[in-house]
There are 2 protein chains.
Amino acid sequence: MSLYTAPPSTRERIVLVTARLIQRQGYVGTSIKQIAKEAQATLGSVYHFFPGGKETVAVAAIKHGAKEFALLLEDALRREDDPAAAIEACAADLAVGLRESGWTDGCPVTAAALETLGTDSDIQRACADALRAWEHIVAEKLLASGFTAEDAAEVATTVISTLEGAEVTAQVSRSEEPLRAAGRQLARLLRTYRA
Amino acid sequence: MSLYTAPPSTRERIVLVTARLIQRQGYVGTSIKQIAKEAQATLGSVYHFFPGGKETVAVAAIKHGAKEFALLLEDALRREDDPAAAIEACAADLAVGLRESGWTDGCPVTAAALETLGTDSDIQRACADALRAWEHIVAEKLLASGFTAEDAAEVATTVISTLEGAEVTAQVSRSEEPLRAAGRQLARLLRTYRA
DNA sequence: ACAGCTCTAGAACGAGCGCTCTATTTAGTG
DNA sequence: CACTAAATAGAGCGCTCGTTCTAGAGCTGT
């Protein structure tokens with residue numbers, strides 16, 4: 001990685017802005033015109049890069065957000081040897097990021113998923129893929145720490161669900177505490193599996 | 001309670017329909033005209049009962065949904081003496097309800113909260129109130145089971161967060177498993193607090 | 001009979017939606 | 001320099017949004 005990162009391309013700006021807007025206002029609440037304006041692009045550019053229209057832009061943004069959280073997760077899990085401590089650190093990272101954004105920049109996957117529930121759309125698929133990928137990352141760490149395959153899968157699912165829910169709770173109550181509490185309780189839970 | 005329940009009034013139908021639509025499509029994705037049509041009312045009736053417009057209808061619907069889940073929670077906690085078993089049963093109840101609705105009828109509070117994040121609106125306040133009320137119900141049960149005040153508060157917050165998150169995960173993956181897993185893991189966590 | 005309510009009914013308004021379309025500018029290649 | 005494809009630019013289309021407004025229907029008390 002170079003010291004001087006290239007300025008983001010128009011396409012990248014569109015994706016980044018869309019991800020942020022979905023975090024804050026949801027999928028339905030975000031218009032293509034607003035995306036174009038905030039990305040300093042024009043309507044023509046947006047439809048040039050995403051001929052599939054609004055849904056295509058959203059899918060790209062959700063995949064971007066999914067990868068972003070996956071990196072945060074992998075980072076925390078690599079820094080700490082103990083998975084319990086790693087998950088607690090991860091929750092703390094989320095809490096700090098949330099506070100710094102004024103409690104607005106949550107998880108674009110959750111937001112978009114809830115608005116497109118019965119739809120069988122690409123958005124739903126992208127959200128389901130993201131959740132599965134995150135669970136897989138956690139499960140791998142647990143397996144490496146001596147968990148059985150069944151325990152790892154069930155605990156990983158619960159870890160992701162709890163982090164998701166605690167993030168929403170933290171946003172609504174505008175406090176780090178729900179995420180901090182979830183981190184501590186998840187750590188306690190993981191430690192009950194020690195040999 | 002009589003055997004013959006009165007047919008719901010126009011006002012009640014509006015609130016019930018709105019709650020269901022918010023569950024499925026979110027707040028922004030639900031229009032007043034759709035509410036009127038599905039509630040078999042007219043626009044005039046909606047604005048007659050809710051002069052404050054869309055937001056007022058949504059607040060009433062959210063409060064209704066909040067009370068509904070509070071009753072489910074209190075019911076499960078009353079049925080079981082052991083709080084761990086009670087929370088697990090609660091998760092199972094949610095899983096069954098979700099499957100029976102075709103994975104569409106989740107939590108209107110979460111859905112509405114995420115779409116109105118930075119807004120300082122009555123909707124945000126209603127969602128925050130709902131979460132606090134649910135946590136309080138769980139905390140009371142834990143206190144009655146011998147938890148310290150601090151433990152009860154922190155665990156109750158985590159229980160609600162986990163149930164919220166697991167419900168979303170279950171909806172996206174169209175499976176009862178995330179909620180079942182969350183129930184089992186929460187039960188395991190609660191049992192670590194036994195004297 | 002009639003006034004005075006609550007409730008129902010839906011047309012109409014301005015604003016904004018997603019998207020299409022035609023131009024025009026920019027960048028890359030021989 | 002000439003030619004082409006990529007990218008930018010935004011006016012305009014049909015439609016739906018939330019809301020307002022006027023008009024009528026149903027009921028009660030006098």
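We name chains A, B, ... by the order of the sequence lines, and we start the count at 1 in each one.
A side-chain N or O of Thr169(A) and one of Ser161(B) form a donor-acceptor pair less than 3.5 Å apart.
Rounded to an integer number of Å, the gap from CD of Glu55(A) to P of dC19(C) is 9 Å. Note: CD1 (Ile35(B)) to P (dC17(D)) measures 11 Å, nearest angstrom. In this structure, the CD atom of Glu115(B) is 15 Å from the P atom of dC17(D), given to the nearest Å. Per the geometry, CD1 belonging to Ile14(B) stands 11 Å off C1' belonging to dC7(C), to the nearest Å. One interatomic measurement links the two molecules: CG of Leu43(B) to P of dT22(D), which rounds to 16 Å at whole-angstrom precision. Atom CZ of Phe50(A) and atom P of dA6(D) are 16 Å apart (whole Å). As rounded to whole Å, 19 Å separates atom P of dA15(C) from atom CD of Gln34(A).
For Ser45(A) and dA9(D), the shortest distance from a side-chain N or O to OP1 or OP2 is not below 4.0 Å. A close approach under 4.0 Å does not occur between any side-chain nitrogen or oxygen of Thr10(A) and OP1 or OP2 of dA7(D).
Along DNA chain C, the nucleotide nearest Lys54(A) and the nucleotide nearest Gln40(B) are compared for position; the residue whose nucleotide lies closer to the 5' end is Gln40(B). Toward the 5′ end of DNA chain D lies the nearest nucleotide of Phe49(A), the other residue of the pair Gly52(B) and Phe49(A) mapping further downstream.
Looking at every heavy atom in both residues, Thr158(B) comes nearest to Glu154(B) through OG1-O, 3.0 Å. Closest approach of Val17(B) to Ala39(B), counting heavy atoms only: CG2-CA, 3.8 Å. Of all heavy-atom pairs spanning Pro108(B) and Ile22(B), the tightest one is O-CG2, 3.8 Å. Ala36(A) and Leu43(A) get closest at one heavy-atom pair: CB-N, 4.0 Å.
Closest to the side chain of Ile32(B), from the set dC19(C), dC7(C), dG18(D), is dG18(D). The listed nucleotides are dT8(C), dG18(C), dT19(D); the one nearest the side chain of Ser31(A) is dG18(C). Closest to the side chain of Lys33(B), from the set dG12(D), dG18(D), dT8(D), is dG18(D). Here dG10(C) is the nucleotide among dG18(D), dG10(C), dT8(D) with the atom lying nearest to any side-chain atom of Thr42(B). Candidate nucleotides dC7(C), dT20(C), dG18(D) were compared by shortest atom distance to the side chain of Tyr47(A), and dT20(C) ranks first. Comparing dA7(D), dT8(C), dG18(D) against the side chain of His48(B) picks out dT8(C) as the nearest.
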- prompt: Does the pair Val159(A) and Val155(A) meet the rule for a side chain to side chain contact (heavy atoms under 4.5 Å, CB included), with working shown?
  reply: CA-CA 6 Å; Val159(A) 166; Val155(A) 172; 4.1 Å; yes
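Residue contacts shown for Gly44(B) include a base, since a base heavy atom lies under 4.0 Å away.
Glu177(A) has a carboxylate O that lies under 4.0 Å from a charged side-chain N of Arg184(A), or vice versa, which qualifies the two as a salt bridge.
Contacts between residues 18-30 of chain B and DNA chain D, defined by a heavy-atom separation below 4.0 Å, involve Thr30(B), listed by number.
Here the options are Arg20(A), Gln171(A), Arg24(A), the test is side chain to side chain donor-acceptor pair (under 3.5 Å), and the partner is Asp105(A); only Arg24(A) passes.
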